[in-house]
Amino acid sequence: MSFPLLTLTAAVPAVGAVLTAAVPPARRTAAKWLALLVSLATLVLAAVVAVRFDPGGDRYQLTESHSWIADFGVRYELGVDGIGVALVALTALLIPFVILAGWHDADPLETQSKRWRPTQGFFALILMVEAMVILSFEATDVFLFYILFEAMLIPMYFLIGGFGDRAHAGSDENAAAQRSYAAVKFLLYNLVGGLIMLAAVIGLYVVAGNFSLTEIAEARASGELEMAATTERLLFLGFFFAFAVKAPLWPLHTWLPNAMGEATAPVAVLITAVVDKVGTFAMLRFCLQLFPEASTWATPAIIVLALISIVYGALLAVGQRDIKRLIAYASISHFGFIIMGIFAMTSQGQSGAALYMINHGISTAALMLVAGFLISRRGSRLIADYGGVQKVAPVLAGTFLVGGLATLSLPGLAPFVSEFLVLVGTFARYPVAGVVATSGIVLAALYTLVLYQRTMTGPVKEEVRAMPDLKARELVVVAPLIALLLLLGVYPKPVTEIVDPAVRHTMSDVQQKDPRPEVEAAK
């Protein structure tokens with residue numbers, strides 16, 4: 001057995017979470033620095049995983065396998081393909097920025113007891129989420145993945161409900177109730193999806209006799225394991241429903257605006273840029289690989305749902321008065337593009353979807369964190385409470401603009417490449433869907449530019465006249481994200497080289513080939 005590098009990438013933040021939570025109440029600053037150092041150590045380990053991964057090698061690499069619950073065939077099995085490596089790297093990259101951005105978000109209020117120590121708990125929960133998400137990207141045992149898929153809900157629940165946005169805490173007596181509602185809604189939606197998935201996991205075990213993703217996929221490919229069409233489709237629907245809730249896909253999306261609106265900006269980034277990626281990643285890894293026939297059967301319906309998500313999310317973003325809810329609805333639209341790319345069943349579409357997961361994580365993190373810095377200064381999430389910010393805080397306004405332009409997929413910024421690939425891949429097989437999806441681009445330009453115009457331009461409102469510009473800590477958070485958006489916008493090759501072999505394997509799983517372009521022969 002080789003060195004357990006994948007286990008270590010998850011064990012370091014998990015142990016770090018325990019140590020951070022154990023820091024004495026009076027040492028809040030020490031807890032913050034400990035959490036930051038642990039997240040940086042995890043980033044180093046993720047970089048080692050990426051370096052050691054060979055895109056031209058086996059599908060799953062750095063594998064680990066140990067017996068766990070032998071009586072039921074459950075094993076502790078890990079392995080990463082190219083998409084898993086990219087998402088592990090994304091998660092490890094974003095967590096240090098999340099911690100830095102939320103440096104003061106959990107400092108106790110004057111009204112709280114001296115024995116209350118939310119700071120340690122806040123950063124410990126973030127590290128615990130990181131550990132579970134990384135391990136879920138590495139798990140190749142279906143039961144192990146299910147445990148992680150459900151367990152990450154617990155720390156997220158407390159992060160949303162216990163450490164919510166303080167922007168309206170002083171003026172809104174219902175703030176705590178709103179946070180509690182958002183946290184419970186998040187938990188219930190995802191628990192229902194998880195319970196349906198549990199039934200499908202049990203059904204898969206009854207049919208296959210084990211939980212190993214690789215063994216089941218190999219048996220299916222060789223013909224040793226056959227499923228009746230009805231059985232396969234029911235199992236597929238059980239898995240897909242849970243992943244669609246997590247993703248989130250219309251009409252299972254309604255928990256996201258509440259959760260992102262009531263959470264602090266760093267936790268909102270954790271939700272949409274990290275945790276939600278588990279849903280779309282699992283569609284590629286489990287739905288398409290385990291249930292190829294059912295995936296093909298369900299594709300037309302899923303494409304329609306993805307199109308509704310794209311247009312519906314963008315339309316609601318246009319009408320939002322709350323900055324954070326606008327970004328949440330924009331993310332619903334973007335996840336529609338990702339899911340459409342996955343189920344377009346073309347190599348360009350799936351490569352674009354995998355790349356979109358990475359680029360969306362970076363662009364949403366940049367925009368949401370800058371929005372969080374803006375909201376913390378004014379104490380309001382309402383767009384109407386701002387105006388003329390670019391005249392008093394030009395650096396803040398400039399970074400907000402770059403994050404917004406990345407959200408609308410401006411050429412030269414990272415999301416453009418992935419969105420272009422998704423649309424090309426969709427046009428190749430579903431031209432009508434591709435045409436409809438392009439309306440999401442127009443709407444994205446509308447809600448992004450209107451948001452910038454209403455908050456950053458125009459006369460300077462009295463309430464923002466004394467607003468300070470970005471500080472050193474905030475620049476350390478934002479500058480690397482902006483640099484990555486620019487770098488991957490002009491040179492996405494480092495990511496595409498890693499994810500493309502995994503996409504080819506997935507296309508082989510579903511027995512699909514790219515359609516040939518219909519070109520009229522020259523006369």
Side-chain angles (χ1 to χ4, degrees), residues 46 49-50 53-56 59-61 79-94 133-134 136-138 140 213 243-244 246-247 249 272-289 295 299 302-303 306 331 334-365 406 409 413-426 428-429 437 484-485 487-489 491-510 512 514:
V49 170
F53 182 81
D54 179 12
R59 181 173 190 174
Y60 293 106
Q61 300 178 32
V80 285
D81 60 2
I83 299 172
V85 168
L87 289 172
V88 167
L90 173 70
T91 303
L93 173 70
L94 291 181
V133 170
I134 286 176
S136 69
F137 291 141
E138 299 170 345
T140 55
L213 170 67
F243 303 153
K246 185 84 78 179
L249 179 68
T272 191
V274 177
V275 173
D276 286 355
K277 297 299 186 298
V278 176
T280 48
F281 166 78
M283 291 179 189
L284 278 165
R285 172 167 282 191
F286 294 99
C287 287
L288 270 61
Q289 191 171 347
S295 298
T299 287
I302 295 172
I303 291 291
S331 289
H334 295 150
F335 275 103
F337 276 105
I338 294 172
I339 295 170
M340 184 178 70
I342 291 171
F343 285 91
M345 299 297 181
T346 60
S347 57
Q348 298 98 328
Q350 292 187 358
S351 292
L355 187 59
Y356 212 136
M357 289 187 239
I358 308 301
N359 293 336
H360 172 264
I362 299 171
S363 62
T364 299
S409 299
L413 296 175
F416 170 76
V417 182
S418 45
E419 195 165 284
F420 179 79
L421 285 173
V422 167
L423 289 172
V424 167
T426 304
R429 201 178 292 276
L484 278 172
L485 290 174
L487 175 63
L488 294 178
Y491 190 65
K493 186 178 179 181
V495 180
T496 56
E497 277 189 339
I498 293 177
V499 303
D500 282 352
V503 167
R504 288 194 291 270
H505 284 295
T506 304
M507 289 288 290
S508 177
D509 291 334
V510 292
Q512 295 284 345
D514 291 330

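Computed from a prediction, not measured in an experiment: that's the story for all the values here. The figures that follow rest on heavy atoms only: side chains count, while hydrogens, waters and symmetry mates do not.
Under the 3.5 Å distance criterion, the side-chain polar atoms of Thr496 are matched with a main-chain donor or acceptor of Lys493. With hydrogens and angles disregarded, no donor-acceptor distance shorter than 3.5 Å links the side chain of Lys246 to the backbone of Lys277. Without hydrogens or angle criteria, Gln61 side chain to Asp54 main chain gives a donor-acceptor distance under 3.5 Å. A side-chain donor-acceptor contact under 3.5 Å links Arg429 to the backbone of Met345. Listed for the Ser295 side chain is a donor-acceptor partner under 3.5 Å among the backbone atoms of Cys287.
To the nearest 0.5 Å, atoms CG (Asp509) and CZ (Arg504) are separated by 13.5 Å. Note: Ile358 CD1 to Leu488 CG = 9.0 Å, rounded to the nearest 0.5 Å. Here Gln350 contributes atom CD and Leu421 contributes atom CG; the two are 12.0 Å apart, rounded to the nearest 0.5 Å. Atom CG of Leu288 is separated from atom CD1 of Ile342 by 7.5 Å, given to the nearest 0.5 angstrom.
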### Task
Using the side-chain contact (heavy atoms from CB on, under 4.5 Å) rule, take Val275 and Val133 through it: C-alpha gap first, then chi angles, then the decisive distance, then the call.
CA-CA 7 Å; Val275 173; Val133 170; 4.2 Å; yes
### Message
Run Asp81 and His505 through side-chain contact (heavy atoms from CB on, under 4.5 Å) and show every step you take.
### Response
CA-CA 10 Å; Asp81 60 2; His505 284 295; over 6 Å; no
### Message
Set out, in order, the CA-CA distance, both residues' side-chain angles and the distance that settles side-chain contact (heavy atoms from CB on, under 4.5 Å) for Leu93 and Leu484, then state yes or no.
### Response
CA-CA 11 Å; Leu93 173 70; Leu484 278 172; 3.4 Å; yes
### Task
Kindly indicate, with the supporting measurements, whether the criterion side-chain contact (heavy atoms from CB on, under 4.5 Å) is fulfilled by Val495 and Leu355.
CA-CA 7 Å; Val495 180; Leu355 187 59; 3.5 Å; yes
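With a 4.5 Å cut-off on side-chain heavy atoms, Ile338 and Met283 do not count as touching. Using a 4.5 Å heavy-atom threshold, the side chains of Pro492 and Phe416 count as separate. Looking at Met340 and Ile303, their side chains come closer than 4.5 Å, going by heavy atoms from C-beta outward. Using a 4.5 Å heavy-atom cutoff, the side chains of Leu284 and Met357 are in contact.
Counting all heavy atoms, side chain and backbone alike, Ala414 lies closest to Asn359 at O-ND2, 2.9 Å. Closest of all the heavy-atom pairs between Val499 and Gly82 is CG1-O, 4.1 Å. The two residues His360 and Phe335 have their closest heavy-atom pair at CE1-CE1, 3.8 Å. Taking every heavy atom of both residues into account, Ile339 and Ala247 meet most closely at CD1-CB, 3.9 Å. Of all heavy-atom pairs spanning Glu138 and Val80, the tightest one is CG-CG1, 3.8 Å. The two atoms that bring Gly279 and Phe243 nearest to each other are O-CB, 3.5 Å, heavy atoms only.
Looking at residues two or more places apart in sequence or on another chain, you find no side-chain hydrogen bond (donor to acceptor under 3.5 Å, both in side chains) involving Thr140. Every residue was checked against the salt bridge (charged side-chain N to carboxylate O under 4.0 Å, His left out) condition with Asp276, not counting sequence neighbours, and none meets it.
Heavy-atom contacts from other residues, nucleotides or ligands closer than 6.0 Å to OH of Tyr60 number more than 12.
Note on ring orientation: taking the six-membered ring where Trp is involved, the planes of Phe281 and Phe137 are perpendicular (angle over 60°, cut-offs 30° and 60°).
Residue Val274 is tested with Ile134, Leu90, Thr91, Thr364 for a side chain to side chain contact (heavy atoms under 4.5 Å, CB included); the sole match is Thr91.
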